[in-house]
Amino acid sequence: MLLWCAPWPSTVLGMPTYTVSTSVAQLSDVTRPALARAITSAHTAATGAPGFFAQVRFDELGDGRHFVGGLPVTGDFVFVHGQIRSGRTPEQKRVLLDALVAAVTDTLGVGRRAVWAYLVDLPPANMVEFGHVLPEPGGEDAWLASLETVDREYIEDLGR
């Protein structure tokens with residue numbers, strides 16, 4: 001199995017986006033929402049960010065669509081690629097990585113050896129969410145307040 005997960009920015013804002021891909025039809029209508037909840041919980045626990053900003057999307061790859069070392073991936077391999085808003089401490093990142101591994105292994109029943117995880121920091125100035133460039137960490141409240149009412153209410157309603 002191949003899994004690819006990508007978080008995106010976070011603190012209060014900066015939406016972590018996890019893209020989960022498998023090399024076979026490993027995921028089901030039961031495991032997809034369970035893994036989405038586990039990944040969201042992992043991100044929230046590690047960063048303190050509200051869960052309603054976490055996105056999880058799933059793509060399933062056909063055989064021969066992913067290679068490691070020039071060979072097609074076979075068996076249980078899980079890849080977690082995370083893009084998070086810069087500003088996280090090394091400890092937060094370590095906690096997040098451990099929590100992502102646990103989310104995948106506990107939900108899908110694969111061994112730790114099958115999980116490969118990466119986090120990449122992105123400057124908020126390089127990110128647009130809800131059509132607006134993200135603020136630096138700590139500037140979330142002012143950012144939200146600066147948005148048009150319709151945009152702010154839409155974002156706030158995601159958490160209800």
Side-chain angles (χ1 to χ4, degrees), residues 1-69 71-122 124 127-131 134 137 140 144 151 153-160:
M1 173 176 77
L2 157 71
L3 251 344
W4 170 270
C5 305
W8 184 272
S10 64
T11 342
V12 173
L13 290 173
M15 189 172 292
T17 300
Y18 295 82
T19 302
V20 179
S21 299
T22 61
S23 60
V24 294
Q26 181 70 29
L27 300 173
S28 69
D29 290 342
V30 173
T31 58
R32 278 184 207 93
L35 186 55
R37 285 188 301 272
I39 289 171
T40 299
S41 294
H43 186 85
T44 297
T47 67
F52 59 81
F53 278 112
Q55 299 183 80
V56 180
R57 72 182 287 275
F58 297 91
D59 292 326
E60 295 180 51
L61 301 172
D63 290 341
R65 299 286 181 182
H66 186 240
F67 295 75
V68 172
L71 300 174
V73 172
T74 60
D76 291 337
F77 285 96
V78 180
F79 296 86
V80 179
H81 179 232
Q83 297 170 318
I84 61 175
R85 188 170 57 162
S86 57
R88 300 285 178 215
T89 67
E91 177 59 25
Q92 285 176 307
K93 293 175 194 175
R94 178 58 189 231
V95 168
L96 178 55
L97 286 168
D98 288 343
L100 290 172
V101 170
V104 172
T105 59
D106 293 350
T107 304
L108 299 181
V110 299
R112 289 182 64 85
R113 181 178 68 194
V115 181
W116 300 22
Y118 311 90
L119 293 176
V120 176
D121 292 318
L122 294 175
M127 303 165 67
V128 170
E129 292 182 8
F130 303 107
L134 292 178
E140 296 85 8
L144 259 177
D151 290 342
E153 289 175 352
Y154 175 80
I155 293 167
E156 291 170 341
D157 283 345
L158 289 173
R160 295 173 204 207

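All values below were derived from every heavy atom in this structure, side-chain atoms included, with hydrogens, water molecules and symmetry-related copies excluded.
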Undergrad: Enumerate the residue pairs fulfilling salt bridge (Lys or Arg N to Asp or Glu O under 4.0 Å) with a member in residues 27-36, sequence neighbours excluded, ordered by first and then second residue.
TA: Asp29-Arg32, Arg32-Glu60
Undergrad: Check Tyr18 against Leu96 and note the closest heavy-atom contact, atom names and distance.
TA: OH-CD1, 3.8 Å
Undergrad: With a 4.5 Å heavy-atom cut-off, do Val128 and Leu134 have their side chains touching?
TA: no
Undergrad: So do the side chains of Phe79 and Val68 get within less than 4.5 Å of each other, counting heavy atoms only?
TA: yes
Undergrad: Tell me the salt bridge (Lys or Arg N to Asp or Glu O under 4.0 Å) pairs involving residues 102-114, sequence neighbours left out?
TA: none
Undergrad: Mind checking whether Val120 and Ile84 have side chains closer than 4.5 Å, heavy atoms only?
TA: no
Undergrad: Rounded to the nearest 0.5 Å, what separation is found between the OG1 atom of Thr89 and the CD atom of Gln92?
TA: 3.5 Å
Undergrad: Any salt bridge (Lys or Arg N to Asp or Glu O under 4.0 Å) pairs touching residues 92-104, not counting sequence neighbours?
TA: Lys93-Asp121, Arg94-Asp98
Undergrad: Would you indicate whether the side-chain heavy atoms of Leu108 and Leu27 approach each other to under 4.5 Å?
TA: yes
Undergrad: What is the minimum heavy-atom distance between Ala99 and Ala42, and which atoms define it?
TA: CB-CB, 3.5 Å
Undergrad: What I'd like to find out is whether the side chain of Asp151 reaches to under 4.5 Å of the side chain of Phe130, using heavy atoms alone.
TA: no
Undergrad: Does Ala36 have any side-chain contact (heavy atoms from CB on, under 4.5 Å) partners at least two apart in sequence or in another chain, and if so, which?
TA: Val56, Phe58
Undergrad: With sequence neighbours excluded, tell me which residues meet side chain to side chain donor-acceptor pair (under 3.5 Å) with Arg37.
TA: none
Undergrad: Look up atom NE2 in His43 and atom OG in Ser41, then write down how far apart they are to the nearest 0.5 Å.
TA: 11.5 Å
Undergrad: Partners of Val95 by side-chain contact (heavy atoms from CB on, under 4.5 Å), sequence neighbours excluded?
TA: Ala46, Glu91
Undergrad: Nearest 0.5 Å, what's the CD1-OG1 distance between Ile39 and Thr44?
TA: 12.0 Å
Undergrad: Does Thr105 reach the main-chain N or O of Val101 with its side chain, forming a donor-acceptor pair under 3.5 Å?
TA: yes
Undergrad: Going by side chain to side chain donor-acceptor pair (under 3.5 Å), name the residues that satisfy it together with Thr107, two or more places apart in sequence or in a different chain.
TA: none
